[in-house]
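Residue numbers run from 1 in the order of the sequence given.
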Amino acid sequence: MSIDPGQIAVAFAVFLFSTTVHEASHAWMAWKWGDSTAKDLGRITLNPLPHIDIVGTVIVPLVTLIASGGIMGWASTPVDKSRMRDPRWGDFWTSAAGPLSNLLLVVISFVLLKLVLRTSLGNALGEMEEPVSVLLQTGLWLNIVLMILNLLPIPPLDGSHLLQNLLPDSLADAYEQIRPFGLVLLIAVGASGLLGRLVDPVISWVGSLL
């Protein structure tokens with residue numbers, strides 16, 4: 001398998017930026033609900049350095065890119081929902097902020113890419129048209145993947161917090177019991193190809209709109 005250093009660099013840069021936006025959105029929303037834990041650590045920022053987990057946001061993404069052309073990675077934002085005005089809804093919206101930020105990046109990437117491909121902007125970019133298009137295409141598909149992945153109701157993903165906060169207390173407590181098995185469930189989802197079956201139709205549909 002040939003390795004294109006340029007493609008790897010673009011994909012990694014987009015992943016790092018998208019993850020930074022995702023985690024900064026968690027931090028900002030938690031602060032708005034009264035929890036300043038992440039804010040006090042300087043996490044409400046688009047500077048990627050405070051958000052970087054050397055393993056999750058550097059080593060694993062680069063290894064998976066080189067090995068398979070796909071990308072996997074993670075980061076986390078410290079949240080203390082007991083400090084929130086309303087722990088249940090504060091945690092719900094703090095968790096939702098991450099995938100919503102990815103949705104916003106999808107919309108921005110889509111609009112800019114359509115402008116490049118379908119208007120005179122592409123011609124105006126000259127030799128930069130192709131690299132700009134590649135950058136925007138990467139931002140488009142990668143943020144679709146990040147959004148859908150994080151919405152899965154599997155601990156510790158954002159979707160598990162969304163679901164748990166919507167459940168009655170008795171069911172929420174029962175749901176909490178699967179948290180120690182979250183990594184196993186994530187590996188099973190990846191190995192089964194379920195994520196691809198969820199993501200591919202969305203990417204195809206969005207691509208048909210360009």
Side-chain angles (χ1 to χ4, degrees), residues 15 18-46 48 50-53 55-57 60-61 71-107 142-203 205:
F15 169 80
S18 302
T19 300
T20 297
V21 172
H22 182 107
E23 299 304 329
S25 298
H26 284 318
W28 179 82
M29 188 62 75
W31 174 54
K32 286 297 183 180
W33 279 89
D35 173 23
S36 65
T37 303
K39 179 179 183 295
D40 294 341
L41 293 172
R43 299 294 187 92
I44 304 180
T45 177
L46 294 183
H51 302 285
I52 285 178
D53 174 309
V55 175
T57 52
V60 171
I71 191 165
M72 177 184 293
W74 63 84
S76 62
T77 297
V79 172
D80 183 354
K81 66 180 183 179
S82 69
R83 300 176 66 182
M84 295 177 177
R85 294 188 305 277
D86 183 327
R88 171 169 285 186
W89 287 109
D91 187 53
F92 177 91
W93 287 111
T94 296
S95 300
L100 287 174
S101 73
N102 294 124
L103 177 60
L104 176 61
L105 291 175
V106 167
V107 172
L142 184 54
N143 278 284
I144 289 174
V145 172
L146 290 174
M147 178 182 67
I148 293 175
L149 173 63
N150 277 285
L151 286 173
L152 294 178
I154 301 174
L157 299 177
D158 297 328
S160 69
H161 291 268
L162 299 179
L163 177 59
Q164 190 167 24
N165 284 299
L166 291 174
L167 291 173
D169 290 342
S170 58
L171 290 178
D173 291 340
Y175 181 68
E176 178 66 20
Q177 302 309 307
I178 74 169
R179 190 164 297 276
F181 307 102
L183 180 58
V184 174
L185 293 172
L186 281 172
I187 292 173
V189 167
S192 68
L194 175 61
L195 181 61
R197 288 195 287 273
L198 293 172
V199 168
D200 290 347
V202 177
I203 292 178
W205 175 71

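- A distance of 8.5 Å separates CG of Asp200 from CG of Leu195, quoted to the nearest 0.5 Å.
- Distance check: Phe92 CZ to Met29 CE gives 10.5 Å after rounding to the nearest 0.5 Å.
- For the pair Asp158 and Pro99, the tightest heavy-atom approach, listed with the atom from each and the gap, is OD2-CD, 3.3 Å.
- With hydrogens and angles ignored, the 3.5 Å screen pairs a side-chain donor or acceptor of His51 with a backbone N or O of Thr45.
- The main-chain N or O of Pro87 is never found under 3.5 Å from a side-chain atom of Asp91 such that the two would form a donor-acceptor pair.
- The nearest pair of heavy atoms linking Arg43 to Thr77 is NH1-CA, 4.0 Å.
- Ile44 CD1 to Ser36 OG: the interatomic distance, rounded to the nearest 0.5 Å, is 9.0 Å.
- His26 contributes no side-chain N or O that, together with a main-chain N or O of Ala97, makes up a donor-acceptor pair within less than 3.5 Å.
- Within a 6.0 Å sphere centred on CH2 of Trp93, other residues, nucleotides and ligands contribute 12 heavy atoms or fewer.
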In residues 186-194, what donor-acceptor pairs under 3.5 Å come from side-chain atoms, sequence neighbours left out?
{"unit_1": "Ser192", "atom_1": "OG", "unit_2": "Ala188", "atom_2": "O", "d": "3.1"}
{"unit_1": "Ser192", "atom_1": "OG", "unit_2": "Val189", "atom_2": "O", "d": "2.9"}
{"unit_1": "Ser192", "atom_1": "OG", "unit_2": "Leu194", "atom_2": "N", "d": "3.2"}

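- Atom CD1 of residue Ile148 and atom CG of residue Leu103 lie 10.5 Å apart, to the nearest 0.5 angstrom.
- Under the 4.5 Å side-chain criterion, counting only non-hydrogen atoms from C-beta, Leu146 is not in contact with His22.
- In terms of heavy atoms, Gly73 sits closest to Phe15 at CA-CZ, 3.8 Å.
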Could you go through the side chain to side chain contact (heavy atoms under 4.5 Å, CB included) check for Met147 and Leu105 one step at a time? CA-CA 10 Å; Met147 178 182 67; Leu105 291 175; over 6 Å; no
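- Contact annotation: the side chain of Glu23 never approaches that of Pro50 to less than 4.5 Å [non-hydrogen atoms, C-beta and beyond].
- For the pair Leu46 and Ala24, the tightest heavy-atom approach, listed with the atom from each and the gap, is CD2-CB, 4.5 Å.
- For Asp35 (side chain) and Asp80 (main-chain N/O), a donor-acceptor pair under 3.5 Å exists by modelled atom type.
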Full working for side chain to side chain contact (heavy atoms under 4.5 Å, CB included) between Arg88 and Asp169: CA-CA 11 Å; Arg88 171 169 285 186; Asp169 290 342; 2.5 Å; yes
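- For the pair Asp53 and Trp74, the tightest heavy-atom approach, listed with the atom from each and the gap, is OD2-NE1, 3.9 Å.
- Annotation: side chain of Leu162 is not in contact with side chain of Pro153 (no heavy-atom distance under 4.5 Å).
- To the nearest 0.5 Å, atom CG of residue Asp173 and atom CD of residue Gln164 are 8.0 Å apart.
- The CH2 atom of Trp33 lies 8.0 Å from the OG1 atom of Thr94; values are rounded to the nearest 0.5 Å.
- Across Leu152 and Leu157, no two heavy atoms sit closer than the pair O-CB, 3.7 Å.
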